[in-house]
Amino acid sequence: MTAIATAAALSLPISCSTSSKFANRKGVRGGFVVFAISASGEGGGLVDKKNPWSTLFNVEEPRSKAPQSKGKFLDVNEAFEVARYDIQYCDWRARQDLLTIMLLHEKVVDVLNPLARDYKSIGTLKKDLAELQEELAEAHKQMHISEARVGAALDKLAHMETLVNDRLLQDRTTTATEITTSSPPSTSKETIERKTQRKGLNVSGPVQPYHPRLKNFWYPVAFSRDLKEDTLIPIDCFEEPWVVFRGKDGKPGCIRNTCAHRACPLDLGSVNEGRVQCPYHGWEYSTDGTCEKMPSTKFVNVKIKSLPCFEQEGMIWIWPGNEPPAATIPSLEPPKGFQIHAEIVMELPVEHGLLLDNLLDLAHAPFTHTSTFAKGWSVPSLVKFLTPSSGLEGYWDPYPIDMEFRPPCMVLSTIGISKPGKLEGQSTKQCSTHLHQLHVCLPSSRNKTRLLYRMSLDFAPVLQYVPFMHILWRHFAEKVLNEDLRLVLGQQDRMINGENVWNMPVSYDKLGVRYRLWRTAVEEGSKTLPFSK
Ligand code: FES
Ligand SMILES: [Fe+2]
């Protein structure tokens, strides 16, 4: 084994050019410069050696098929093609190394063969073995070099993908900005400056007061099944306290959770014939906030603030904004064929954006959820979120998981279930059974989120009727969430002290980044929101 690859062979010297020179060249915008992909001077393959192992290692040497790219300017697809050939080369090289080791091992066995040994002097035997030992050491070293090359090639491929994703995001953001501001076409210099600015999101420092524009959406705040005729549900939403209850007609209402008399929390009271009765002096409020009863004193007209409140598909929705409510409330029902098995509400001590960032990320699972659903998952060499429609939905590769960010604060995901712990390598469509999840992250306050979690299955409907099953589901959901929570709380701490929680987004952060871009656009009042269908 004497072949040693030249350094150029697998260094994947590919760089993304953003200079105006390239950007202005017709048809090559967004291209890559490939300076050299060369493996000249390497030893040939070993598969022609007559050996039973040869068939296993008889893989065609890929260099003859490598795209001619040296010094050329390539577009994105061509650059990826070159990278693909380099990885194929790595694979071929590694096989040759392995073959060498195996052949050497056979030689060792031959040398040590007691029958053959009779014909050799001890001195010859020692010499043979010493030579073999040296060759083996060299072959092992070569194998490790190959292994390192494969790792480097994969890293570079991931880096290229990040560059491509960044470019797609930049192009999209630039387009959106240009549309909304109707500014004249920007010069190359301006474009470069803007792209440099956008390179990193900045989410750092104490959480700022919520922008009023973020309130102009329908927000789900409770599950219908939790709101009985005599239930009061206290809800903080955008740092204001509200209480939800059912009126005499059974329809839900949402009023401020503060009594007009002396600011007692109304949710500590009770529902009396569709009115909330304050526990302090008994004033009673209807679902539109009108005080209808004022015992033990002369009645005066009083009304407390109420919000538009509706019930749809098993959820209670409110409109906290000051603009007229949108005509349509989004549908969050699970897909056809799914039955709801669990509806869980949790109050969490984190800002809702941080929680959404966490939920929109799957790459953390094999590191974070090692005691729950990702137990035993391997760490893939590359995790990607693919968005065919360049929108806010797509699927995770290599996991059979589809995911969507649904504005303003919802995450929907469908997980294909094959064997427990074996999720890799399939698409959701290839799996026969699925779990569907809805996470609603209601912004309660700057450091509090009301999480509504709904879990549905398209199999085992009988589980709905198993006693105490909901306790198990809740236990599992809490366990998963706690694995995340300690990390997100740590991030929140650092963020408040000035660290940027989006300091270095990489390729698998795509959906989280898009959520942040969407939110920024809403807060800035963009007329056309990015990634909207
Ligand atoms: S504080 Fe509510 S009735 Fe007095
Ligand atoms: Fe998680």
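By convention here, the first residue in the shown sequence is residue 1.
In this structure E284 satisfies the side chain to side chain contact (heavy atoms under 4.5 Å, CB included) test together with N272, R275, Q277, K293, sequence neighbours excluded. Under the side chain to side chain donor-acceptor pair (under 3.5 Å) criterion, T520 pairs with no residue at all, not counting sequence neighbours. Applying the side chain to side chain contact (heavy atoms under 4.5 Å, CB included) criterion to E229, with sequence neighbours excluded, gives no partner residue.
No side-chain heavy atom of W319 sits less than 4.5 Å from a side-chain heavy atom of F310. When side chains are defined from C-beta on, T414 counts as touching F338, because their heavy atoms get closer than 4.5 Å. A heavy-atom distance below 4.5 Å is found between the side chains of P335 and H436. Using a 4.5 Å cut-off on side-chain heavy atoms (C-beta onward), R256 and P241 make contact.
Within 6.0 Å of CG in N301 there are 12 or fewer heavy atoms belonging to other residues, nucleotides or ligands. Atom NZ of K228 has more than 12 heavy atoms from other residues, nucleotides or ligands within 6.0 Å.
The list of side-chain hydrogen bond (donor to acceptor under 3.5 Å, both in side chains) pairs with a residue in residues 326-336, not counting sequence neighbours, reads E313-S331. Within the structure, every pair that satisfies the side-chain hydrogen bond (donor to acceptor under 3.5 Å, both in side chains) test and touches residues 347-358, not counting sequence neighbours, is listed here: Y210-E351, Y210-H352, E347-R450, E351-R519, D357-W502, D357-R516, N358-D484. Within the structure, ring pair (Phe, Tyr, Trp, His ring centres under 6.0 Å) pairs that include any residue of residues 442-488 comprise H439-Y453 (at least two apart or interchain).
Salt-bridge annotation for E311 and K251: absent, with no side-chain N of the basic residue lying under 4.0 Å from a carboxylate O of the acidic one.
Of the possible polar contacts, one joining the N500 side chain to the L201 backbone as a donor-acceptor pair under 3.5 Å is found.
When L214, V440, I316 are each tested for a side-chain contact (heavy atoms from CB on, under 4.5 Å) with Y219, only one passes: L214.
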